[in-house]
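Presented below is the structure to which this report refers.
Note: hydrogens, waters and symmetry copies are ignored here, and every other heavy atom, side chains too, is used. First the proteins, then the strands, lettered A, B, ... as listed; each starts at 1.
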4 protein chains.
Amino acid sequence: MVNDSDEGAGPAARSKRADARRNEKTLLDAAAAVFVASGVEAPVRDIAAEAGVGMGTIYRHFPTRADLIIAVYRHQVEALAEAGPTLLDTSETPYAALGKWVDLFVGFLVTKHGLAAVLQTDNAGFDTLHAYFLDRLVPVCTHLLDAAVASGEIRSGFAAYEVMRGVGNLCIGAEGDSRYDARRLVGLLIAGLRR
Amino acid sequence: MVNDSDEGAGPAARSKRADARRNEKTLLDAAAAVFVASGVEAPVRDIAAEAGVGMGTIYRHFPTRADLIIAVYRHQVEALAEAGPTLLDTSETPYAALGKWVDLFVGFLVTKHGLAAVLQTDNAGFDTLHAYFLDRLVPVCTHLLDAAVASGEIRSGFAAYEVMRGVGNLCIGAEGDSRYDARRLVGLLIAGLRR
Amino acid sequence: MVNDSDEGAGPAARSKRADARRNEKTLLDAAAAVFVASGVEAPVRDIAAEAGVGMGTIYRHFPTRADLIIAVYRHQVEALAEAGPTLLDTSETPYAALGKWVDLFVGFLVTKHGLAAVLQTDNAGFDTLHAYFLDRLVPVCTHLLDAAVASGEIRSGFAAYEVMRGVGNLCIGAEGDSRYDARRLVGLLIAGLRR
Amino acid sequence: MVNDSDEGAGPAARSKRADARRNEKTLLDAAAAVFVASGVEAPVRDIAAEAGVGMGTIYRHFPTRADLIIAVYRHQVEALAEAGPTLLDTSETPYAALGKWVDLFVGFLVTKHGLAAVLQTDNAGFDTLHAYFLDRLVPVCTHLLDAAVASGEIRSGFAAYEVMRGVGNLCIGAEGDSRYDARRLVGLLIAGLRR
DNA sequence: GATGAATGAGCCTTCATTCAT
DNA sequence: GATGAATGAAGGCTCATTCAT
């Protein structure tokens, strides 16, 4: 994030940017809060209200809802992406790393009311969102799976995309149903991968 | 069910009924078609249009959307329920029966665009639907799981509700995504149950 | 009612009529009951249901709601009309007769949930209803008023139509409001007529 | 009311508000016009059309129909409320004041097609409206009645609520019926109060 | 004649999105 | 740039009324 954009503009320009970024931060925080409370499909008006800005401001910064969602979760997705290699390095076996990573993924999704649902839907207009998540995480997951296959711990033949979709799906609606523990079921799924 | 179809009823006495029932069939077919095309949450208007009837007709026959959905899928749910014991009798092991039954379940869900999604949602107004599915199928699934636990093939501790929810979730959005094979993933989940 | 219609038809025709009249009686009773329970604007379907007949039957007998209402209350309106002269004959003074008659009128209206409201509304389609009530009762009321004016008990200058409309209005919504006693207020109105 | 109109507010700070308020004025005028023409129960669409705005605009400003009605008549209700004490001060006797006030009330209601009807109905959703009218006017009327009782001009025992309801009822449907003069009848009612 | 199924207009309400200020 | 007012499509639901059986 340090050098995220801003190719060295003059001081005034920069301050404007800084201003805008601060505003954007407010937006993202508000959106995150509303997403948690009411799901990713919450009315734009609610998000604007939470942020204390006009709705137009939301639209200026994020032309589509998908853009907003991406922005909201970018940090966490990045962290997730970065966690892959790290876990591989620090875990006893590739399979253990996979398990831990999937757990992180579950932790991410389960707390985002409705995100998992949006992720799998073929709703037009969410392609960007889809693409972003996949572009960023599929390679990471592929890497983990490959390693675990290579170590002989799991069977081959399952694509990262598929596994992630499965994990994502298992997380849908998990929040709020005490009889359903997404993490346990995901555990089953990953266990099913073992040779 | 015995006298459900009125072939052989009094000639005129049943004429209205026959008419209405034929119409109801049209409605169910139309609803099924629309459900496949646009999901179970499709506008009532669309279903009416597809059936070539007025909206009022839908409401007359099915006061709530849940009623309609139940009616549309009743036959298949019943068949599913009845398949459980049969499979247990005719399969080599309880686990094999469980696998086959789950496969049937997946086959059912995968072709019903949006049904799996509705099934897990806590949308108010779908309680009837929920209840119907669970009432009918959870006992069957429980029976299969118990048998497989008893035969020592799978670990214990997973409730039918949870497993079914998991399977259901894995089927969400499966249709139309060629890179995602719900059946395979469900296979993984069930495999994960093995000791 | 004795010779209400039926100009001496043949026996068969007559029996048919008798049949129809019995049916019509059922309809009227049902309508009266529903009117009391849900007001004069109750859905036709409800009335049909209460009568245990199809809606079409209602429409056959009473093309418009006004026709039905008239039919339902015809007996009571006739009784009211006939009570006028009688009261005049049997009361101490014309004003007393007027008071008693108005009381009967109030008693009639107050128990007909919504009737008073319909009576004053200029809803198109209720002209028949209006006309019937007025044609039948205005002359009676006029007679009473005239007598009371003649006896010097009340001031002149108020038309029966106006007084009846006033009484009718005071009865609107009386049922079900314990803080509002239509009869008392009507008493005030009639008291106001005194010299 | 003091700072209700914003002549003199900060130049730009209030521009939106000014805009919206102007619009609200348009809405109120349109609503008033439609209320006169079609009654207080006119479809929201009609009001929007009359105002030349979208329906959403109505809903933005007035979440419920009752809110709209209240807003439309607030000024007049307030004026009515304030007229009570004034009349008491400036009239020869309390009874005269009562008569004049009731006359104002009649003048108000008679021009509001359907308002009187709504006022007496127990329609759910109009409670706010009811409450507002009663809260504001019953005390005023009570005051007038009490004074007239105290002065020995009228009989006691009639609550303001009841009298107002009576007056209100007498005004229902008055507009457009040349044979019915609500004011005269109300006069009769009030005359009836005299000892 | 009776039936009640079907029709469809009509109303309400919610929000995503645009755009004047 | 920000604001939030306005728009209007979309969808749900309820009957009055017609008409095939």
Could you work out, with side chain to side chain donor-acceptor pair (under 3.5 Å) as the rule, every residue matching [X], not counting sequence neighbours?
{"X": "C:E50", "result": "none"}
{"X": "A:D46", "result": "none"}
{"X": "B:Y132", "result": "B:E78"}
{"X": "B:T128", "result": "none"}

- Note on the structure: Paired runs of 3 or more consecutive Watson-Crick or G-U pairs involving DNA chain E, with both pairing distances under 3.5 Å, are E:2-21 with F:2-21
- Enumerate the residues from residues 24-41 of chain B whose closest heavy atom to DNA chain F is under 4.0 Å, giving them by residue number; use none for an empty result. none
- Task: Check salt bridge (Lys or Arg N to Asp or Glu O under 4.0 Å) between B:D127 and all other residues, then give those that pass, not counting sequence neighbours.
- Result: none
- Message: For DNA chain E, which residues of residues 57-73 of chain D approach it to below 4.0 angstrom with any heavy atom?
- Response: D:Y59, D:R65
- Query: By side chain to side chain contact (heavy atoms under 4.5 Å, CB included), which residues pair with C:R45, not counting sequence neighbours?
  - Reply: B:R60, C:M55
- Partner residues of C:A32 under the side chain to side chain contact (heavy atoms under 4.5 Å, CB included) criterion, sequence neighbours left out: C:V72
- Message: Going by salt bridge (Lys or Arg N to Asp or Glu O under 4.0 Å), name the pairs with one or both residues in residues 61-72 of chain B, residues two or more places apart or in two chains.
- Response: none
- Which nucleotide sits closest to the side chain of B:V53: F:dC15, F:dG12, E:dT7? E:dT7
- What residue pairs, at least two apart or across chains, pass ring-ring contact (aromatic ring centres under 6.0 Å, His included) with a residue in residues 23-69 of chain D? none
